[in-house]
Amino acid sequence: MTVTIARENAIAVVTVDNPPVNALSQALRQALVAAVSTLDADAAVKAVVLICAGRTFIAGADVGEFGKPPQPPHLPDVVATIEGAKTPWVAAIHGSALGGGLEVALGCAWRVAVPSASLGLPEVKLGIIPGAGGTVRLPRLIGPAAAVDLVTSGSPVGAKKAEGLGLIDAVVDGDLRAGAIAFANDIAGKARPQPVSSRAVAPVEAGFWEGAEKAVAGKAKREAAPLRALASVRKASETDFASAMAFERETFLELRGSEQAAALRHVFFAERAAPRPPELAGVTPRAIRSAAVIGGGTMGAGIAAALRDAGLPVVLIERDAAAVERGLANVRGIYEGSVKRGRIPQAVADERMAGVTGGDDYGLLADTDLVIEAVFEDLAVKRAVFERLSAVCRPDAVLATNTSYLDPDAISEGVSHPERFLGLHFFSPAQIMKLLEIVPTEATAPEVLATGFALARLLGKIPVRAGICDGFIGNRILKVTRAQAERLLLSGATPAAVDAAMRAFGLPMGPFEAQDLGGLDIAAFQRKAARERGETPFAPVADRLCALGRYGQKTGGGWYDYQPGDRAPKSSETVAAIIAEVAEGRAQRTWDEAGIVDAIILPMVNEATRILEERVALRAADIDLVKIHGYGFPRWRGGPMHHAEARGLSAVVAVLDRLAADGLAEPPSDSLRRAAEAGGFSVLAG
Ligand code: 3HC
Ligand code: NAI
């Protein structure tokens, strides 16, 4: 970390260089305070420009320090020191001024930014609130309504919008350093604006806070930070600066030590580690400049849209001319939906669609860099596709399958240059869901695996490496989720009670509602295949429902009944009767919400430890990312593995032992017991 001071006549330029993102480590905080006293002692300096080296302005407090006791100088004092400096400071912002970075800028007398800069207070996304005056200075600078939006959403705004809000004083086109120095020269002789801390907060309309509280609570669900952030902005608007600062700091420190903040920090670092697995360090991926998708159904169309959204030209291959038309219509439908929801303008949709070429001639793929297969889940059909691809594609073209359950090793049998083959498992809807499971075969070359990770980065997805097994990481755990949900039904719980408990835990939908939405037929097909392999999947009630043609919403009934045109699930007497029949002779009990959640989540964790032990997943955090980004596991719980560790693995083992004794779950695996003894999953990974 370096902080250097340069002189441009009467202007001093303080440059912060603390890679990678100029986070406010203790050393940087100290250096900023020192810079203020050095420059205040220099009468020749009329104004100070604060600028950062590297890709961004100060991106916030150092999140890595959050697990430890705060060390002085504390950030609120650093900001106060800059605000109270004799010589006025000008923040010169490029990249992101986030969290503590924006708070430092709020301490400066002026703020300027390049047009591409973004500014925000993302603390709520880390389970905390701003802790250095963000909630107190912001309403004084831009008014309470705009401050509430910024602070409770955590979403940054661009420089133009920031200028409109009064958050920055000028947008600098061209060179930031030169522009900021010119700005500083310009203001050096002028009156200094009143420090933000001593400004009054604009009044709000009657009912404003109540309305804001309702809106924020509705969005936050069970996340604590957004409402606490709102309370802090309100306090700042209703009391003096010092009391508001004390209130903010107290809330910040309390939340910093909370379980939700620890979980969100865990996910923050897991997401940043995921794109760069250490085992691929130094491996150069193949270049991807063009892509093709085989099969234009649900997944193929979504994958084509994801590839187009990343700027790649895409060829979509289907079986015949009519299927090509249907496939293109599926892609068009995705873009029409985006236009309708206001996500993109029509012109962008047209441009994206123009970059998708449909056809049934594999000759179109002679020069394509990457081909992703998304045809029917049928080994023979997929093999036939790869046989044709082997014949027409360049030998270095990367070939991928989007299979859900088939064995990629079996699919790739006979592929020429098998080192260029891998599984790329997208999640539906593929243009939206962030998860990409990357599945190497035994033959996959390291640079082809690295290409999968590079593709994820290009598509803005979270990559997780998965080994080959039935369902890879995510769907293998999903099978346990569903089996446990059925075990609960056979021992006294109802589908509605199970779904309600899982929603209360934080999932967007319970397991039965989710199956009704997606269709029960897909899982039934998987079970049939598993039985043919000699396995014994547990789904006695689902099997009965499928035998009756109750596949979910699309057939007017599944786990629930549905009225025509109404997606609201209604408890079904037919289903209740089937459950009673299948449950005959089994012990019944009363389930509360916590019991239901344990009986579903902890067996998922048990399966996940086997997945780790078998090295189907390399890191526990990868499993957390799979469940969060592929299956809606609540981010603020950190994923199932973090949840289990936070709960205490010995307690998890004890619950599983009890459930197993009652025949309600598999007993804890040896690996889970070992992890419990060691106090964490790290003993199973690496
Ligand atoms: N603290 C510590 N490390 C951080 C960090 C932070 N605030 N922000 C990013 N990093 C690290 C990442 O872990 C990553 O490390 P690695 O290279 O070892 O994996 C590295 O910086 C680069 O991060 P990204 O891959 O995310 O880089 P990008 O260029 O894609 O994005 C960014 C840059 C937009 C700044 C993004 O990193 C980001 O959003 N960071 C978080 C910003 C944030 O949340 N700030 C608020 C912190 S809380 C706070 O300030 C409290 C205050 O109110 C008291
Ligand atoms: P789908 O049935 O909607 O689409 C399959 C498409 O492939 C159809 O349009 C069909 O015409 C086309 N097709 C079939 N044979 C072909 C061939 N020989 N050449 C060219 N096109 C051919 O199926 P869906 O849901 O899109 O699934 C595709 C693959 O993705 C499957 O392997 C499935 O397991 C997998 N998958 C599905 C997910 C889902 O949620 N639907 C999630 C992740 C993976």
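Because the structure is predicted, anything quoted here is derived from the model rather than measured. In listed order, ligands and their atoms are each counted from 1.
Close approach of ligand 1 to Ser96 is summarised as follows: ligand atoms under 4.0 Å from at least one heavy atom of the residue are 34 (C). Taking a cut-off of under 4.0 Å to the non-hydrogen atoms of Gly295, the atoms of ligand 2 that pass are 7 (O), 12 (C), 21 (N). Residue contact check: Pro122 has heavy atoms under 4.0 Å from atoms 43 (C), 44 (O), 45 (N), 46 (C) of ligand 1. Those atoms of ligand 1 that come under 4.0 Å of a heavy atom in Gly60, given as number and element, are 45 (N), 50 (O).
For the atom pair CG (Leu459) and CG (Leu455), the distance works out to 4.0 Å, reported to the nearest 0.5 Å. Asp62 contributes atom CG, which lies 8.5 Å from atom CZ of Arg29 (distance to the nearest 0.5 angstrom). To the nearest 0.5 Å, atoms SG (Cys108) and CD1 (Ile168) are separated by 13.0 Å. The line from CD1 of Ile128 to CZ of Arg256 is 8.5 Å long, rounded to the nearest 0.5 Å. Expressed to the nearest 0.5 Å, how far CD1 of Ile372 lies from OG1 of Thr401 amounts to 10.0 Å. With values rounded to the nearest 0.5 angstrom, Arg635 atom CZ is found 11.5 Å from Asp624 atom CG.
Of all the heavy atoms of Phe66, the ones lying under 4.0 Å from any atom of ligand 1 belong exclusively to the side chain. Residue contacts with ligand 2 for Phe427 are absent, since no atom lies close enough (heavy atoms, distance under 4.0 Å). Under 4.0 angstrom from ligand 2, the non-hydrogen atoms of His425 all belong to its side chain. Contacts of Thr401 with ligand 2, taken as heavy-atom pairs under 4.0 Å, are absent altogether. When heavy-atom distances to ligand 2 are checked against a 4.0 Å cut-off, Asn402 comes that close through both its backbone and its side chain. At a 4.0 Å heavy-atom cut-off, ligand 1 does not touch Lys125 at all. Under 4.0 Å from ligand 2, the heavy atoms of Val385 that appear belong solely to its side chain. Of all the heavy atoms of Thr56, none lies under 4.0 Å from any atom of ligand 1, so neither backbone nor side chain is involved.
In terms of protein heavy atoms, atom 30 (O) of ligand 1 is closest to Arg55 NH2, 4.4 Å. Summary of contacts: the protein heavy atom closest to atom 36 (C) of ligand 1 is Arg272 NH2, 3.8 Å. Closest protein heavy atom to atom 10 (N) of ligand 1: Val21 CG2, 3.7 Å. Of the protein's non-hydrogen atoms, Arg276 NH2, 2.6 Å is the one closest to atom 19 (O) of ligand 1. Scanning all protein heavy atoms for the shortest distance to atom 11 (C) of ligand 1 gives Pro20 CG, 4.1 Å. What sits closest to atom 40 (O) of ligand 2 on the protein, heavy atoms only, is Ser428 CB, 3.4 Å. Scanning the protein for heavy atoms near atom 7 (N) of ligand 1, the closest one is Ala61 O, 2.8 Å. Looking only at protein heavy atoms, the nearest one to atom 17 (C) of ligand 2 is Arg319 CG, 3.5 Å. The protein heavy atom nearest to atom 2 (O) of ligand 2 is Phe376 CE2, 3.5 Å. What sits closest to atom 45 (N) of ligand 1 on the protein, heavy atoms only, is Ala59 O, 2.9 Å. Of the protein's heavy atoms, Thr298 CB, 3.8 Å lies nearest to atom 25 (O) of ligand 2. Among protein heavy atoms, the minimum distance from atom 4 (O) of ligand 2 is reached at Gly297 CA, 3.3 Å. Among protein heavy atoms, atom 11 (O) of ligand 2 sits closest to Glu318 OE1, 2.8 Å. Scanning the protein for heavy atoms near atom 2 (C) of ligand 1, the closest one is Asp62 OD1, 3.3 Å. When only non-hydrogen protein atoms are considered, atom 43 (C) of ligand 2 lies nearest to Phe426 O, 3.2 Å. In terms of protein heavy-atom proximity, atom 33 (C) of ligand 2 is closest to Ser404 OG, 3.5 Å.
Within the 4.0 Å heavy-atom shell around ligand 1 one finds Leu98. Ligand 2 lies nowhere less than 4.0 angstrom from a heavy atom belonging to Glu373. Heavy-atom separations between Lys382 and ligand 2 include at least one value shorter than 4.0 Å. Contact analysis puts Ala374 in contact with ligand 2, with a non-hydrogen atom separation below 4.0 angstrom.
Checking side-chain atoms of Ser258 against main-chain N and O of Leu255 turns up a donor-acceptor pair under 3.5 Å. With Lys235 contributing its side chain and Glu248 its backbone, the two residues share no donor-acceptor pair below 3.5 Å. A donor-acceptor distance shorter than 3.5 angstrom exists from the side chain of Tyr335 to the backbone of Ala305, with no hydrogens or angles considered. Side chain of Glu123 to backbone of Gly154: no donor-acceptor contact under 3.5 angstrom is found. Using a distance-only test at 3.5 Å, with no hydrogens or angles considered, no donor-acceptor pair links the side chain of Glu437 to the main chain of Ala466. With hydrogens and angles disregarded, no donor-acceptor distance shorter than 3.5 Å links the side chain of Lys627 to the backbone of Ile477.
Two residues are said to be in side-chain contact when any heavy atoms from C-beta on lie closer than 4.5 Å; Met433 and Phe426 fail this criterion. Counting only heavy atoms from C-beta outward, the side chains of Leu436 and Ile462 never approach each other to under 4.5 Å. Under the 4.5 Å side-chain criterion, counting only non-hydrogen atoms from C-beta, Cys52 is not in contact with Thr15. Between Glu83 and Arg137, some side-chain heavy-atom pair lies under the 4.5 Å cut-off. Glu65 places a side-chain heavy atom less than 4.5 Å from the side chain of Gln26.
Closest heavy-atom approach to atom 22 (C) of ligand 2 among the candidates Asn475, Ile522, Asn330, Val375: Val375.
For Arg272 and Phe268, the positive end sits near the middle of the six-membered ring, less than 6.0 Å away and at most 45° from its axis.
Checked against the 6.0 Å centroid criterion, the rings of His425 and Phe472 qualify as a close aromatic pair.
Not one N or O of Gly64 is nearer than 3.5 Å to an N or O of ligand 1, by distance alone. Checked against a 3.5 angstrom limit, the closest N/O atoms of Gly131 and ligand 1 fall inside it. For ligand 2, one of its N or O atoms has an N or O atom of Glu377 under 3.5 Å away.
With salt bridges taken as basic N to acidic carboxylate O contacts below 4.0 Å, none links Glu318 and Arg326. A salt bridge between Arg228 and Glu254 is present, with a side-chain N of the basic residue lying under 4.0 Å from a carboxylate O of the acidic one.
Distance check on atom 32 (C) of ligand 1: every protein heavy atom falls at or beyond the 4.0 Å cut-off. When distances from atom 36 (N) of ligand 2 to the protein are checked, a heavy atom turns up under 4.0 Å. Within a 4.0 Å radius of atom 50 (O) of ligand 1, the protein contributes one or more non-hydrogen atoms.
Heavy atoms only, all atoms of each residue included: Ala301 and Asn330 are closest at CB-CB, 3.5 Å.
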